[in-house]
Amino acid sequence: MTTALVAGGSGHDGVMRYVADAVVPCDEGGRVLRPGTVEVSGGVITAVGPVDGGAPDATDVQEVRVHGALLPGLVNVHCHSPMTLFRGSGENLSLHHWLNDVLWPREANLTEEDVYWGMTLAAAELLCFGVTTTCEAYFFEDALADAVLAAGSRAVITPGVLQLPGKTSPADTASGEDWWDTRTAEIVDFHARRHGEDDRIEVGFAPHAAYTVPVPVLADVAGEARRLDALFHIHLAETEEEGIRFAAEHGDSVPVVLAEAGVFGGRVLAAHSIWLSAEDLAVYRSHDIAVAHCPQSNAKLASGVAPLVELLAQGTRVGLGTDGPASNNDLDLWEEMRLAAMLARIRERDAAALPAATALDLATRGAGLALGRPDLGVLAVGARADMLAVTLDDPAFVPLLEDAQLIEHLVWSASSRLVTDVWVGGRQVVEAGRCLTVDVDEARHQVEARAHRLERAGG
């Protein structure tokens with residue numbers, strides 16, 4: 001809960017000074033400030049530090065008391081959020097059976113309105129979990145962007161490049177060999193129109209995978225991404241089956257072949273990255289490929305456990321993603337933090353393999369860095385004022401014997417249920433656990449009705 005104490009009369013036009021019982025900046029130093037302050041102006045953080053005990057001197061400062069801990073907004077680096085439309089569909093199937101037999105036949109019947117409402121419901125869910133930024137790979141990108149802006153959240157939107165079975169694309173705008181060029185041109189146009197909109201939309205490219213998009217097309221799309229300094233976002237090394245089939249056809253692993261084809265070289269984000277050889281890891285290192293680690297979706301689909309500790313040890317930038325709500329089945333990044341640490345320890349057989357502070361970093365500062373956005377996921381001067389508040393009035397934080405233990409409790413015993421308030425760019429979007437920007441009842445109704453239609457249409 002928060003309470004505002006106005007100091008001066010200009011309010012939002014001046015400086016907002018948040019005073020919290022604790023501030024966890026999630027910066028490189030791993031500080032915990034008890035109590036602490038964060039100052040915001042123009043949607044950007046201008047100061048972070050301990051409480052000096054005095055009232056603000058300036059006459060244009062509005063002071064906000066945060067009863068709990070203040071953290072940066074969480075960053076979900078790999079998601080298909082409009083898939084709230086397909087939550088719970090095709091359970092107990094492996095990835096490729098799920099895609100071919102359930103998901104893609106339904107997605108072929110999507111409309112712009114479906115995507116808008118699917119994203120709207122997801123945005124409310126994400127914001128209430130404290131997730132302020134997502135990296136989205138999906139279709140009908142204009143509708144997706146509209147939903148993000150209306151909900152007050154932030155997104156890196158990477159429109160999907162994928163020909164769905166039975167239909168060339170959700171928009172059905174081209175066919176045959178011309179489809180790839182047409183779709184790429186659509187994304188370039190989308191970038192020109194909406195990149196940077198309201199300082200909350202970034203635009204990239206998301207060709208689905210090397211087993212669904214021809215390698216020469218991947219190289220062409222990557223070239224466009226580099227030209228625009230845009231994120232190139234791709235599913236990579238997700239299943240063992242994928243790797244075996246690709247190597248049989250192309251003579252080597254997906255990372256090696258794509259590197260030789262010139263796909264890597266710009267801002268690359270590789271989702272999943274589970275089945276990586278030593279040679280593949282070297283490709284990631286030499287090309288500075290970032291990784292979207294999705295432990296819960298990987299486990300649910302039995303795809304495998306990614307070599308997270310090895311990736312971090314070699315300096316690879318890694319952030320956490322939930323994947324879509326049809327394969328997770330929620331958008332709760334707190335669950336991903338805990339599971340990432342647990343699976344890493346199991347894989348390494350080492351109880352110290354991934355400390356709580358590192359797990360928290362994967363959902364905050366590290367996630368921002370994986371997207372090439374050092375202004376996200378951290379409370380630091382110059383960063384976007386995306387923040388969440390967590391109540392400390394809960395048994396999860398007892399006992400609190402030293403400051404460093406607060407981070408341990410955040411990862412191991414707290415959860416998204418303790419998120420009370422959320423801000424994006426300094427604007428409050430969640431208050432006392434309630435999303436202020438989305439009519440959740442209407443969004444639920446819309447998604448429910450549309451999901452039934454898509455199930456019938458998909459066979």
Side-chain angles (χ1 to χ4, degrees), residues 42-45 72-82 115-116 119 122-123 126-127 131-161 183-207 221-234 266-271 288-292 317-322 331 333 363-378 380 382-387 423-427 429:
V44 174
I45 295 172
L74 306 184
V75 179
N76 185 343
V77 300
H78 178 68
C79 201
H80 319 285
S81 293
V115 170
Y116 177 87
M119 185 67 227
L126 287 156
L127 289 173
V131 180
T132 51
T133 299
T134 56
C135 182
E136 300 289 346
Y138 216 58
F139 311 107
F140 290 119
E141 49 274 9
D142 274 301
L144 197 159
D146 290 343
V148 168
L149 291 172
S153 55
R154 190 185 304 278
V156 179
I157 298 176
T158 59
V161 179
R183 180 57 177 152
T184 303
E186 289 174 352
I187 301 172
V188 171
D189 174 68
F190 178 67
H191 185 282
R193 290 186 292 107
R194 308 205 66 168
H195 179 72
E197 187 171 353
D198 199 34
D199 194 38
R200 289 190 286 120
I201 300 293
E202 179 183 341
V203 176
F205 296 74
V221 175
E224 287 297 308
R226 284 194 297 272
R227 182 178 67 82
L228 296 170
D229 190 30
L231 189 69
F232 180 87
H233 181 193
I234 185 172
R267 295 171 56 198
V268 178
L269 177 68
D288 189 26
I289 297 172
V291 169
R317 293 171 291 122
V318 181
L320 287 178
T322 57
L331 297 165
L333 217 57
T364 54
R365 187 185 68 95
L369 294 176
L371 295 178
R373 293 291 301 273
D375 60 333
L376 300 178
V378 62
R384 296 298 187 268
D386 300 349
M387 305 179 293
W423 299 261
V424 176
R427 175 196 179 195
V429 291

I need the [X] [atom1] to [Y] [atom2] distance, nearest 0.5 Å.
X	Y	atom1	atom2	value
Ile157	Ile187	CD1	CD1	12.0 Å
Arg194	Leu149	CZ	CG	6.0 Å
Leu74	Leu331	CG	CG	12.0 Å
Thr364	Asp386	OG1	CG	12.5 Å
Arg317	Arg267	CZ	CZ	8.5 Å
Arg384	Asp199	CZ	CG	4.0 Å

### Check against side-chain contact (heavy atoms from CB on, under 4.5 Å), Val161 and Phe205
CA-CA 8 Å; Val161 179; Phe205 296 74; 5.6 Å; no
Which atoms form the tightest heavy-atom contact between [X] and [Y], and what is the distance?
X	Y	answer
Leu269	Cys135	CD2-SG, 4.1 Å
Thr132	Gly73	OG1-CA, 3.3 Å
Ala143	Tyr116	O-CD1, 3.6 Å
Ala385	Ile45	CA-CG1, 3.9 Å
Ile234	Pro207	CG1-O, 3.5 Å
Leu333	Ala363	CD2-CB, 3.9 Å

### Query
Between Arg373 and Glu202, is a side-chain contact (heavy atoms from CB on, under 4.5 Å) present by the stated rule, with each step listed?
CA-CA 10 Å; Arg373 293 291 301 273; Glu202 179 183 341; 2.8 Å; yes
Non-hydrogen side-chain atoms of [X] and [Y] separated by less than 4.5 Å:
X	Y	answer
Glu136	Met119	yes
Leu127	Val424	yes
Arg227	Val188	yes
Leu126	Ser153	no
Arg193	Asp142	yes

### Query
Taking the six-membered ring for Trp, are His233 and His78 parallel (under 30°), tilted (30 to 60°) or perpendicular (over 60°)?
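His233 vs His78 ring planes: perpendicular.
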### SB check Arg183 Glu141 (cutoff 4.0 Å)
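The answer is yes: the pair qualifies as a salt bridge.
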